[in-house]
A.B. asks: 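The structure follows.
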Number of protein chains: 2
Amino acid sequence: MRIIFADDHEVVRHGLRFYLERLADDVEIVEAGTFEEAFAKAIDGPPPAMILLDLRLPDIQGMDGLERMRARFPRVPTVVLSGDLSQIRIKEALNRGAAGYLPKTLGGKAMLRALELVMAGETFVPSLALDEGNGTAGDYDPTAPLSSLTPREREVLSHLIEGRANKEIARALDIKEITVKVHLTKLFRKLKATNRTQAVRIALDHGFSA
Amino acid sequence: MRIIFADDHEVVRHGLRFYLERLADDVEIVEAGTFEEAFAKAIDGPPPAMILLDLRLPDIQGMDGLERMRARFPRVPTVVLSGDLSQIRIKEALNRGAAGYLPKTLGGKAMLRALELVMAGETFVPSLALDEGNGTAGDYDPTAPLSSLTPREREVLSHLIEGRANKEIARALDIKEITVKVHLTKLFRKLKATNRTQAVRIALDHGFSA
DNA sequence: TTATGTCTCATACCTTAGTATGGCAACGTT
DNA sequence: AACGTTGCCATACTAAGGTATGAGACATAA
């Protein structure tokens, strides 16, 4: 039984391997420090029984890795591993087909049980995801704020996060300042921000990178 | 030989324990998930030979934990553990007497060697800290930007990070808007920011919380 | 083809942010 | 008592941010 496991921290890989080895007798753990490495190893060899993906890998941003894995291995349960506990990201991952969302804070026995659950074909949802108690367990919020942004808006946002002024952004993108403002107004609406500073905060909270 | 080890992620504790056990024959590893737990366990019992502190613990912010440990156990090497590789934080930790700064990305053998180094009374400085090549190994930047803030400035900064407008901040603190501006101008100078958005970015980068 | 979405820019307008300079009061240190 | 720091406020000003509305160019999907 092959398990692909990508995390850029060796300590974490070492720690989690302890649990993975206890999942079955014939476990083969394939470790990777980057997404591309994990992807290559997943393709090259027998089909994996489970894929574990850290959300913060050096060569991908956000949920892209999850989506690529899902596209290539639609029937293999893919579990997202993260230190981030924000409800938004949990929902986002589950919406994109993750078979589970494992907080790194999860205790030993809970971690093992969660992994067994996933191997059994279930979806593991950390209790935090339902804290806000707004409905049945099934209806994850389909509005992942960051994913609704257009490429240009993303680009503007990245400059925003660097603290650049509209004028500077305009120069960098070779467009007029007023156009930057238009992008920003739309950006704020999508992120439910009322100003640029709030937008930066929200974007960083939701794991924006790049 | 007692080693105190605080990290809120069980996986990390498990992973690092593997290396710690290999440091000597009679190693007793005392794990803790919070700073207070670690502090209590450190005091209660024989003096520890080494203290390992994650920078992001639920009950402390920033370098406070390091300082408290240093104050109570000035002769015990205290190593900071972090996933954050920013030069600023490395320098800040070393300035406050840390015996080393261990990135969680550190590979197995390197991790072991770094720990041995510290146990031998040396200071482990990750190579990243010196990347900018500005001088000899000894001159860490003494300007920890966040620590130079006054209490009021911190308070203003916390509102800033929430994306609140000057007017709102003024109302929240029950002072005039112009006073908020004065605080901000000083804040920007200390953080080397040119506007509020940049200040938020810098503060978050440097691990500001509260 | 029509419709939809993205990106661009414009005019007009108002609000907010930020700087410079200086004064006043409270507090703790030397 | 003199000093430094912090915190509060003021006037005056310039610069930047943000909204509303409309419109043309382009590409792509229905």
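None of the values given here were measured: they were computed from a predicted structure. To find a chain, count down the sequence lines: A is the first, B the second, and so on, and within it residues start at 1.
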A.B. asks: Output yes when B/E168 and B/R171 qualify as a salt bridge under the 4.0 Å nitrogen-oxygen rule, no when they do not.
C.D. replies: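 Salt bridge flag = no for B/R171 with B/E168.
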A.B. asks: Please state how far atom CZ in A/R189 lies from atom C1' in D/dT19, giving the value in whole angstrom units.
C.D. replies: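 After rounding, the reported distance stands at 9 Å.
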A.B. asks: Picking from D/dA16, C/dA17, D/dC8, which would you name as closest to the side chain of A/A165?
C.D. replies: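 Minimum distance to the A/A165 side chain belongs to D/dA16.
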A.B. asks: Which nucleotide sits closest to the side chain of A/K181: C/dA17, D/dT6, D/dG17?
C.D. replies: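 Taking heavy atoms from C-beta onward, the closest nucleotide is D/dG17.
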A.B. asks: Could you tell me the separation between the CZ atom of B/R164 and the P atom of C/dA17, rounded to a whole number of Å?
C.D. replies: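 That distance rounds to 13 Å.
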A.B. asks: Within less than 4.0 Å of OP1 or OP2 of C/dC7, is there a side-chain N or O belonging to A/T179?
C.D. replies: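 For C/dC7, OP1/OP2 do not have a side-chain N/O of A/T179 under 4.0 Å.
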A.B. asks: Could you check which of C/dG18, D/dC8, D/dG18 has an atom nearest any side-chain atom of A/N195?
C.D. replies: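 My answer, after comparing the listed nucleotides, is D/dG18.
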A.B. asks: Consider the side chain of B/F188, meaning its heavy atoms from C-beta on, and name the nucleotide among C/dG18, D/dA10, C/dC7 that approaches it most closely.
C.D. replies: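 Nearest listed nucleotide: C/dG18.
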A.B. asks: Do B/K186 and B/T150 have side chains that get closer than 4.5 Å, going by heavy atoms?
C.D. replies: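 No, every pair of side-chain atoms sits at 4.5 Å or beyond.
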A.B. asks: Would you call A/E153 and A/K190 a salt bridge, taking side-chain N to carboxylate O under 4.0 Å as the test?
C.D. replies: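 Yes, charged N to carboxylate O under 4.0 Å.
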A.B. asks: D/dG17 C1' sits how many Å from A/L187 CG, rounded?
C.D. replies: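 After rounding, the reported distance stands at 14 Å.
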A.B. asks: CD of A/Q198 versus C1' of C/dT16: gap in Å, rounded?
C.D. replies: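 Atom CD in A/Q198 sits about 14 Å away from atom C1' in C/dT16.
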A.B. asks: Choose from C/dG18, C/dC7, D/dC9 the nucleotide whose nearest atom is closest to any side-chain atom of B/L184.
C.D. replies: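 Side chain of B/L184 sits closest to C/dG18.
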A.B. asks: Compare the minimum distances between each of C/dT8, C/dG18, D/dG17 and the side chain of A/R152, then state the nucleotide with the smallest one.
C.D. replies: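 Side chain of A/R152 sits closest to C/dT8.
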A.B. asks: Whole angstroms only, please: what is the CG-P distance between A/L149 and C/dC7?
C.D. replies: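 The distance from CG of A/L149 to P of C/dC7 comes to 10 Å, rounded to the nearest Å.
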A.B. asks: Is the distance from OP1 or OP2 of D/dT19 to the nearest side-chain N or O of A/T185 less than 4.0 Å?
C.D. replies: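 So the side-chain polar atoms of A/T185 do come within 4.0 Å of the phosphate oxygens OP1 or OP2 of D/dT19, strictly under.
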A.B. asks: Within the structure, does a side-chain N or O atom of A/T150 lie under 4.0 Å from either OP1 or OP2 of C/dG5?
C.D. replies: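 It does not, given that no N or O in the side chain of A/T150 lies less than 4.0 Å from OP1 or OP2 of C/dG5.
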A.B. asks: Any side-chain to backbone donor/acceptor pair from A/Q198 onto A/A193? Under 3.5 Å, distance only.
C.D. replies: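 Here the side-chain-to-backbone pair does not exist.
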A.B. asks: Could you tell me whether the side chain of A/H159 reaches within less than 4.5 Å of the side chain of A/L173, counting heavy atoms only?
C.D. replies: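 Yes, at least one pair of side-chain atoms sits under 4.5 Å.
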A.B. asks: Does DNA chain C take part in any stems of at least 3 consecutive Watson-Crick or G-U pairs (both distances under 3.5 Å), and if so, which ones?
C.D. replies: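 DNA chain C stems, ordered by first number: C:1-30 with D:1-30.
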A.B. asks: When you check the phosphate oxygens OP1 and OP2 of D/dG17, does a side-chain N or O of A/N166 lie under 4.0 Å from one of them?
C.D. replies: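 Yes, because at least one side-chain N or O of A/N166 sits under 4.0 Å from OP1 or OP2 of D/dG17.
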A.B. asks: Is the phosphate of C/dT16 approached by B/K167 (side-chain N or O, under 4.0 Å from OP1 or OP2)?
C.D. replies: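 Answer is yes, contact under 4.0 Å.
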A.B. asks: Distance to the ring centre below 6.0 angstrom and angle to the axis at most 45 degrees; does that hold for B/R68 and B/F39?
C.D. replies: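 Yes, B/R68 lies over the aromatic ring of B/F39.
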A.B. asks: Side chain of B/H183 only, please: which of C/dG18, D/dT19, D/dC8 is the nearest?
C.D. replies: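 Nucleotide nearest to B/H183's side chain: D/dC8.
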A.B. asks: Does any part of the side chain of A/F5, heavy atoms only, come nearer than 4.5 Å to the side chain of A/M50, both counted from C-beta?
C.D. replies: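 In short, these two side chains do not touch, never coming nearer than 4.5 Å.
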A.B. asks: Grab the CD-C1' distance between B/E153 and D/dC8 for me, whole Å please.
C.D. replies: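 Atom CD in B/E153 sits about 13 Å away from atom C1' in D/dC8.
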A.B. asks: Would you mind reading off the distance between B/R171 atom CZ and C/dT16 atom C1', rounded to a whole angstrom?
C.D. replies: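 Value for this atom pair: 14 Å.
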A.B. asks: For B/K186 and D/dC9, give me the distance from atom NZ to atom C1', rounded to whole Å.
C.D. replies: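 So the NZ-C1' distance, B/K186 to D/dC9, works out to 11 Å.
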A.B. asks: Is there a side-chain contact between B/L115 and B/L102, using heavy atoms and a 4.5 Å cut-off?
C.D. replies: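 SC-SC contact between B/L115 and B/L102 confirmed.
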A.B. asks: Which of the following nucleotides, C/dT8, C/dA12, C/dG18, is nearest to the side chain of A/I178?
C.D. replies: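 Closest nucleotide to the A/I178 side chain: C/dA12.
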A.B. asks: Starting the side chain at C-beta, find the nucleotide from D/dC9, D/dG7, C/dA10 nearest to A/V182.
C.D. replies: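 Of the candidates, C/dA10 comes closest.
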